[in-house]
Amino acid sequence: HKARFYMNVKPANPDAAWHVKVKWSRPEPFEDVIKNGSRHDRDAWFYMILGWEASSEWEVFYIGKVTEQFVSDRLSQPDHRDRCSRLRRKYPNHTLQVSLGAVTITNGRVTVQRIDEIETILIYTACVSQPKMINERKWLAHHVDQQYHVQNTGHRRPLPKDIHLGIFIG
């Protein structure tokens, strides 16, 4: 049984944070996304490669971003084909699925820098609870100097609903 510790804190300056909403699509089979694309490709900035094993919960294996191509095109590239092969060998009982994330920033524009920072926050946060993640960067430190409130919606599990990065007071 895990003990939970709650502390009543609030952002020191909530207006200084970027307010981001990532809407995650229902997971689709990895190979289907490569072969047929996804109806969410046009709006997606992020993707999660997920593993699912019977009678278990979703596990995040990889979180990535796209800025100049569709997720289906990115997953077709040799480095992702290699990742997929490694995952299938290491976790043969898992079904590989992909969830795509569309982004809205309510108080600003979507930029390549912000997408990179949000990806970093997602990876850094997920690595704590997802030991099977194979991301090779962005999990030891984040180096994001902006404040963010990232709200994950849709089929977000196992990502947390809300992620806050910034200065808080309590």
Side-chain angles (χ1 to χ4, degrees), residues 18 20-54 56-105 108-146 148 150-161 163 165:
W18 295 111
V20 178
K21 182 178 178 181
V22 181
K23 183 175 183 186
W24 293 98
S25 67
R26 180 181 304 275
E28 304 171 60
F30 186 92
E31 291 300 328
D32 289 357
V33 173
I34 291 173
K35 289 178 188 170
N36 307 317
S38 169
R39 65 185 178 99
H40 304 286
D41 255 340
R42 176 167 274 119
D43 299 319
W45 290 93
F46 298 111
Y47 58 96
M48 287 190 288
I49 299 175
L50 301 160
W52 185 80
E53 187 177 21
S56 70
E57 297 193 19
W58 291 103
E59 297 177 87
V60 178
F61 288 152
Y62 188 87
I63 295 175
K65 69 175 184 287
V66 291
T67 56
E68 298 180 12
Q69 61 187 334
F70 288 143
V71 170
S72 55
D73 295 329
R74 179 70 184 105
L75 295 177
S76 299
Q77 293 173 339
D79 62 327
H80 266 300
R81 291 292 205 170
D82 290 345
R83 280 186 188 97
C84 181
S85 295
R86 284 194 323 250
L87 287 169
R88 284 200 168 110
R89 281 193 305 275
K90 191 168 183 175
Y91 304 107
N93 297 328
H94 283 73
T95 302
L96 295 184
Q97 305 266 324
V98 180
S99 180
L100 285 69
V103 173
T104 305
I105 301 178
R109 293 180 314 120
V110 175
T111 65
V112 172
Q113 177 183 343
R114 289 185 192 132
I115 292 299
D116 186 63
E117 290 176 343
I118 297 163
E119 178 202 34
T120 300
I121 293 166
L122 293 170
I123 292 168
Y124 188 75
T125 303
C127 281
V128 173
S129 65
Q130 300 298 303
K132 295 179 181 173
M133 281 186 69
I134 61 169
N135 285 79
E136 295 174 0
R137 299 180 310 111
K138 300 184 176 186
W139 58 274
L140 288 175
H142 62 73
H143 305 293
V144 176
D145 61 3
Q146 299 284 313
Y148 280 89
V150 178
Q151 183 181 34
N152 290 302
T153 66
H155 293 270
R156 63 175 176 82
R157 296 206 184 266
L159 294 179
K161 181 178 179 183
I163 303 169
L165 177 69

If the threshold is 4.0 Å, N to carboxylate O, is there a salt bridge linking D82 and R86?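 Not counted as a salt bridge, because no side-chain N and carboxylate O are separated by less than 4.0 Å.
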Write down the atom of [X], the atom of [Y], and the distance for their closest heavy-atom approach.
| X | Y | answer |
| --- | --- | --- |
| H80 | L75 | CB-O, 3.5 Å |
| H155 | M48 | O-CE, 4.2 Å |
| I105 | V103 | CG1-CG1, 4.0 Å |
| D41 | S72 | OD2-OG, 2.6 Å |
| R89 | P92 | O-CD, 3.6 Å |
| P160 | T125 | CG-CG2, 3.7 Å |

Got a second to check how far [X]'s [atom1] is from [Y]'s [atom2], nearest 0.5 Å?
| X | Y | atom1 | atom2 | value |
| --- | --- | --- | --- | --- |
| R114 | T120 | CZ | OG1 | 14.5 Å |
| E53 | Y91 | CD | OH | 10.5 Å |
| I118 | I115 | CD1 | CD1 | 4.5 Å |
| F30 | Y47 | CZ | OH | 8.5 Å |
| I121 | W18 | CD1 | CH2 | 12.5 Å |
| I123 | Y62 | CD1 | OH | 6.5 Å |

In this structure, are over 12 heavy atoms from other groups packed under 6.0 Å from R42 atom CZ?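 Open: at most 12 neighbouring heavy atoms sit under 6.0 Å from CZ of R42.
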Heavy atoms of other groups near R156 CZ, more than 12 under 6.0 Å: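 For R156, atom CZ is crowded (more than 12 foreign heavy atoms under 6.0 Å).
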Report the C-alpha separation of L96 and C84 in whole Å, then their side-chain angles, then the decisive distance to 0.1 Å, and conclude whether the side chain to side chain contact (heavy atoms under 4.5 Å, CB included) test is met. CA-CA 8 Å; L96 295 184; C84 181; 3.6 Å; yes
Non-neighbouring partners of K132 that pass side chain to side chain donor-acceptor pair (under 3.5 Å), sequence neighbours left out: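 Applying side chain to side chain donor-acceptor pair (under 3.5 Å) to K132 gives E59.
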With heavy-atom distances below 4.5 Å as the criterion, would you say the side chains of [X] and [Y] are in contact?
| X | Y | answer |
| --- | --- | --- |
| V60 | L50 | yes |
| E57 | P158 | no |
| T104 | K23 | no |
| T67 | D116 | no |
| D73 | V66 | no |
| F61 | R83 | no |
| L159 | I63 | yes |

Does a side chain donor of either Q97 or W52 reach within less than 3.5 Å of an acceptor in the other side chain?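 No donor-acceptor contact under 3.5 Å links the two side chains.
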Any side-chain donor-acceptor pair under 3.5 Å between Q113 and Q146?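 Judged by distance alone, the side chains do not pair up.
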Residues which pass side chain to side chain contact (heavy atoms under 4.5 Å, CB included) with S25, listed by chain and number, not counting sequence neighbours: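 Applying side chain to side chain contact (heavy atoms under 4.5 Å, CB included) to S25 gives E28, H40, S99, L100.
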Give a yes or no on whether the backbone of K65 and the side-chain of R74 come within a donor-acceptor separation of less than 3.5 Å.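 Here the side-chain-to-backbone pair does not exist.
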